[in-house]
Amino acid sequence: MVAWRIWIGLWAGACLALLAVASLAAPPATTDQAADAKQFADQFKPLLARHCVDCHRGDKPKGNLRLDNLTPDFADAATREHWTSVVERLKAGEMPPKEKPRPPDKEVQALTDWLAPRLAAADAAARAAQGRVVLRRLNRVEYENTVCDLLGIRVNLKDQLPQDGSADGFDNAGAAHHTSSFLMEKYLEAADTALNMAIVNRPQPPPVIAKRYSLRDGHPVRASSENVYRFLEDGTVVCFCSSEWHNVWISSFYPPDAGDYRFRISASAVQSAGKPVTFRVTTTGSTLTGKNGLVGYFDAPPEEPIVFEFVRHMEPRTTISMLPYGLAGANTVKQYGGEAWDGPGLAIQYVEVNGPLHETWPPESHRRIFGNLPQKKFPSYNFSDRVEVVSDQPLVDAERILKDFTRRAFRRTVAANDVAPFVAIVQAKLESGYTFEPAIRAALKGVLISPEFLFLRERPGKLDDFSLACRLSYFLWSTMPDEELFTLAEQQKLSQPDVLRQQVERLLTNPKAGAITDNFVGQWLGLREIDATEPSHLVYPEFDHLLKVSMIRESELFFEEVLKNDLTLTSFVASDFTMLNGRLGKHYGIPGVDGWEFHKTPLPADSHRGGVLTMAGVLKVTSNGTTTSPVMRGAWVLDRILGTPPPPPPEGVSAIDPDIRGATTIREQLAKHRSDAACASCHSKIDPPGFALESFDCIGGWRDNYRVTGHGEAVIVDGRHMPYHKGKKVDPSDVTEDGQPFRNIDEFRQLLLRDKDQLARALATKLLTYSTGRAPTKADRPEIDAIVARVRNKNYGFRSLVHEVVQSALFQNK
């Protein structure tokens with residue numbers, strides 16, 4: 001432990017050195033600061049005092065922009081950002097507002113002409129010294145992926161680490177990453193977990209489980225007191241209910257060893273009128289949130305069984321469970337009994353398990369570290385067959401092992417002085433009595449907590465090929481570069497435009513590209529927050545787990561369809577298709593789709609769907625569990641779709657709580673809010689897109705009237721009285737800030753499509769933020785406009801946009 005405390009001290013010192021390089025003091029201003037300060041005080045401060053300061057002062061300045069204490073200190077990044085905003089708003093004619101007296105155009109022009117070159121010079125000087133992007137470390141997902149790819153293992157590490165912070169909408173932003181002694185302890189624990197998985201001390205692989213199970217022998221079938229099952233002579237069990245407490249698992253499969261296991265489930269639908277019965281498979285030991293813990297949903301065909309096969313990594317002492325979807329409740333079925341019940345059911349003939357699976361022994365993860373070095377017996381207490389790697393030339397082998405390992409771990413070419421500290425750890429351990437393998441483990445652990453491994457190494461200016469390889473790989477794969485990227489970086493070919501385009505295509509067609517769907521889409525659209533609220537079962541009794549998972553998959557599959565086929569990015573606003581399965585088809589009122597499987601589905605001419613704005617997942621995460629808020633949804637549209645996020649509300653302004661009893665509508669409540677001049681400037685932008693989406697309830701269903709819990713007209717669905725009532729009529733009409741009226745979401749989307757450049761600009765900004773770890777600033781607008789101009793000529797293709805982002809100077813420079 002003392003040794004590791006010393007190592008942590010060295011680690012902290014190295015981090016400070018990296019931070020010192022990454023956080024150099026801002027360079028001196030290129031202009032005479034004293035002269036600038038005098039000119040500002042004499043010429044421009046009086047102008048601002050006459051026309052701007054009345055609104056932009058104090059603790060609650062209009063637009064969250066305070067000018068009464070803003071100085072011409074252009075070396076300060078925050079001050080620069082504020083002045084850039086002033087220039088943009090002056091040039092756009094937004095300041096002062098139309099109803100206020102305006103200064104002479106000549107004076108406004110003089111101010112913007114004075115500010116613009118000073119802002120540009122200060123920004124260029126700061127970037128030359130520091131770069132645009134701050135030093136960032138791997139987030140939890142990137143850390144787990146990188147360790148697993150480095151070692152050739154599959155293990156859950158991210159849950160051992162603290163939650164990552166978020167900045168600019170993403171959790172890979174450098175500004176949100178903090179480092180502490182607690183985090184270091186967790187890194188040490190995660191490194192131990194990973195190395196224990198990668199290095200084996202068994203002479204033979206663990207015993208293989210190869211067995212066929214019947215649900216008849218499992219819990220809760222065997223122990224159930226409710227008569228909801230039917231048992232056939234061949235061992236088949238027919239499940240007739242979808243009640244959660246009849247989630248059946250293979251209780252006799254309880255593996256002692258972690259690893260990959262192959263499952264084969266034979267299933268069919270019975271008494272289902274020729275339609276499939278959908279069922280879900282989950283793993284025990286995981287909370288069923290989002291897609292976490294879910295193996296998948298499957299469609300059992302009518303009558304003739306088929307075998308569903310999948311390979312799943314299982315932790316020790318866990319198993320799988322199955323539950324049919326959409327069948328009757330247990331309280332209904334048990335009134336008749338499983339033998340007499342004539343409704344649909346799921347027949348499961350058997351479940352076969354084989355694993356843990358190992359192609360070779362020692363496994364690839366072990367050989368990746370030690371190569372073909374031999375193992376000898378080193379028995380220990382309760383492990384008489386234990387073996388360890390041995391070496392006749394321990395320091396020679398250690399240097400070879402660590403040179404290869406650090407090259408891949410540090411994601412660059414390594415020199416002797418990079419490897420020497422870790423070889424020294426091996427030597428010190430050997431001299432203190434350690435055997436070869438534990439000494440190597442200690443050094444490998446040191447590599448895995450090294451700043452060179454945990455942080456993305458980038459120097460100011462144009463990225464070298466290794467840094468470019470990392471930026472590209474973590475952008476599209478959320479993990480380290482593979483060997484092909486390493487080789488191109490070593491040859492200094494990756495930065496060649498044609499080679500870079502080829503690599504983007506290669507990475508996008510690799511299964512690892514699913515990471516950009518999970519991590520970019522999940523945060524851009526906010527789908528990671530799908531479980532932040534739980535819809536009220538009184539107001540939305542139809543909400544269930546299959547609908548929730550289908551919401552997520554629709555958005556993910558739609559994104560992949562647009563990306564794969566280079567469809568226009570305007571598809572994210574309006575499209576003539578979406579990705580549907582039977583559950584979403586029913587939710588959207590679109591017939592002809594059954595089962596769990598998703599299909600690219602043309603939308604009917606009268607459908608109000610199309611694009612991400614009208615997807616149920618987006619509509620859910622922009623609501624709470626009971627009501628919708630035009631403010632929340634409007635702010636989401638401004639930020640995620642238009643790239644013009646509104647400022648946060650002033651302190652002391654409380655949120656509006658919608659009246660779920662139905663006495664007043666949210667529009668009536670907001671009318672009073674919008675009459676306040678201090679609120680109107682923002683709400684004139686926020687509220688229109690929010691009102692356009694009011695026709696969708698908080699689980700994304702279409703509505704003409706609000707659902708209320710108070711008095712109202714009774715609602716009957718499929719012959720059943722609903723626990724909610726029919727409330728006031730929804731009014732989705734409004735007028736945009738620039739005076740364009742619309743009656744509904746269809747007309748509003750057409751208004752958005754008038755400015756395709758802005759849609760492209762907003763999405764390019766999100767991609768750059770995610771891929772580089774920092775949001776572009778206003779000074780980057782010319783480069784973003786250049787990206788937009790290039791994709792404009794390619795019909796705003798989304799795949800083309802990804803290519804242009806990677807080819808841009810913003811991506812290829814720190």
Side-chain angles (χ1 to χ4, degrees), residues 209 211-255 261 263-273 275-289 293-303 305-308 310 312 314-315 317-353 537 541 543-549 596 720:
I209 297 172
K211 190 173 180 180
R212 176 177 287 191
Y213 300 89
S214 170
L215 293 189
R216 182 192 292 261
D217 303 323
H219 186 87
V221 175
R222 186 180 64 235
S224 177
S225 61
E226 295 183 311
N227 186 0
V228 295
Y229 300 102
R230 183 181 299 168
F231 304 99
L232 306 185
E233 291 183 359
D234 63 356
T236 297
V237 175
V238 184
C239 311
F240 285 113
C241 78
S242 293
S243 299
E244 285 287 341
W245 60 91
H246 284 282
N247 192 26
V248 295
W249 61 90
I250 315 171
S251 54
S252 48
F253 169 68
Y254 208 50
Y261 289 78
F263 295 88
R264 302 178 77 246
I265 302 174
S266 177
S268 59
V270 298
Q271 302 172 180
S272 61
K275 292 185 177 182
V277 168
T278 300
F279 68 101
R280 82 178 185 215
V281 179
T282 56
T283 56
T284 62
S286 299
T287 305
L288 201 59
T289 55
L294 177 69
V295 175
Y297 279 90
F298 303 91
D299 295 324
E303 307 310 332
I306 65 170
V307 174
F308 300 93
F310 57 88
R312 180 78 173 186
M314 303 293 292
E315 295 297 327
R317 308 302 177 190
T318 58
T319 187
I320 62 168
S321 60
M322 290 152 284
L323 182 71
Y325 173 80
L327 305 185
N331 291 330
T332 301
V333 177
K334 71 181 183 182
Q335 302 300 320
Y336 299 85
E339 295 298 327
W341 181 252
D342 62 359
L346 173 70
I348 298 181
Q349 288 78 34
Y350 60 82
V351 178
E352 287 182 351
V353 183
H537 69 281
F543 183 76
D544 55 40
H545 183 264
L546 177 57
L547 178 58
K548 178 177 69 176
V549 174
W596 158 255
R720 296 170 54 207

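Residue numbers start at 1 and run along the sequence shown.
No donor-acceptor distance shorter than 3.5 angstrom exists from the side chain of Asn227 to the backbone of Lys334, with no hydrogens or angles considered. Side chain of Arg222 to main chain of Asp217: a donor-acceptor pair is present (N/O by atom type, distance under 3.5 Å, no hydrogens or angles). Arg230 places no side-chain N or O within 3.5 Å of a backbone atom of Ala347 that could act as its donor or acceptor partner. In this structure, Gln271 contributes its side chain and Gly343 its backbone to a donor-acceptor pair below 3.5 Å.
For the pair Phe253 and Lys211, the minimum side-chain heavy-atom distance is 4.5 Å or more. Val307 places a side-chain heavy atom less than 4.5 Å from the side chain of Tyr350. The closest side-chain heavy-atom distance from Thr283 to Met314 is below 4.5 Å. Side-chain contact between Val353 and Ile320 is absent, with no heavy-atom pair separated by less than 4.5 Å. Side-chain contact between Tyr229 and Val248: present, with at least one pair of heavy atoms (C-beta onward) separated by less than 4.5 Å. Counting heavy atoms from C-beta outward, Val237 and Phe231 have side chains that approach closer than 4.5 Å. Counting heavy atoms from C-beta on, the side chains of Val228 and His246 come closer than 4.5 Å.
Note that CZ of Arg216 and CG of Leu232 are 8.0 Å apart. Values are rounded to the nearest 0.5 Å. Atoms OH and CZ, from Tyr261 and Arg312 in turn, are 14.0 Å apart once rounded to the nearest 0.5 Å. Separating the CH2 atom in Trp596 from the CG atom in Leu546 is a distance of 6.5 Å, to the nearest 0.5 Å. Annotation: the span from Tyr213 atom OH to Phe263 atom CZ amounts to 9.0 Å, rounded to 0.5 Å.
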What verdict does the ring pair (Phe, Tyr, Trp, His ring centres under 6.0 Å) test give for Tyr325 and His545, after you've listed the backbone C-alpha separation in whole Å, the side-chain angles of each residue and the deciding distance to 0.1 Å? CA-CA 10 Å; Tyr325 173 80; His545 183 264; 9.4 Å; no

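Residue Pro302 comes nearest to Ser272 through the heavy atom pair CB-OG, 3.9 Å, listed as atom of the first residue, atom of the second, then distance. Of all heavy-atom pairs between Met322 and Leu215, the closest is CE-CD2, 3.7 Å. Residues Cys239 and Leu327 share a closest heavy-atom pair of O-CD1, 3.5 Å. Val333 approaches Cys241 most closely through the heavy-atom pair CG2-CB, 4.2 Å. Nearest approach of Ile306 to Pro301, heavy atoms of both residues: CG1-CD, 3.6 Å. When every heavy atom of Ala330 is checked against every heavy atom of Glu226, the shortest pair comes out as CB-OE1, 3.7 Å.
Checked against Leu294 for a side chain to side chain contact (heavy atoms under 4.5 Å, CB included), the options Val549, Val281, Thr289 give a single hit: Val549.
Aromatic ring centroids of Tyr336 and Phe240 lie 6.0 Å or more apart.
There is no side-chain donor-acceptor pair under 3.5 Å between Thr319 and Thr284. Side-chain atoms of Ser268 and Gln349 include a donor-acceptor pair closer than 3.5 Å.
Salt bridge status for Arg280 with Glu244: present, with a side-chain N to carboxylate O gap under 4.0 Å.
Between Phe308 and Phe298, the angle of the ring planes lies from 30° to 60°, which puts this pair in the tilted group.
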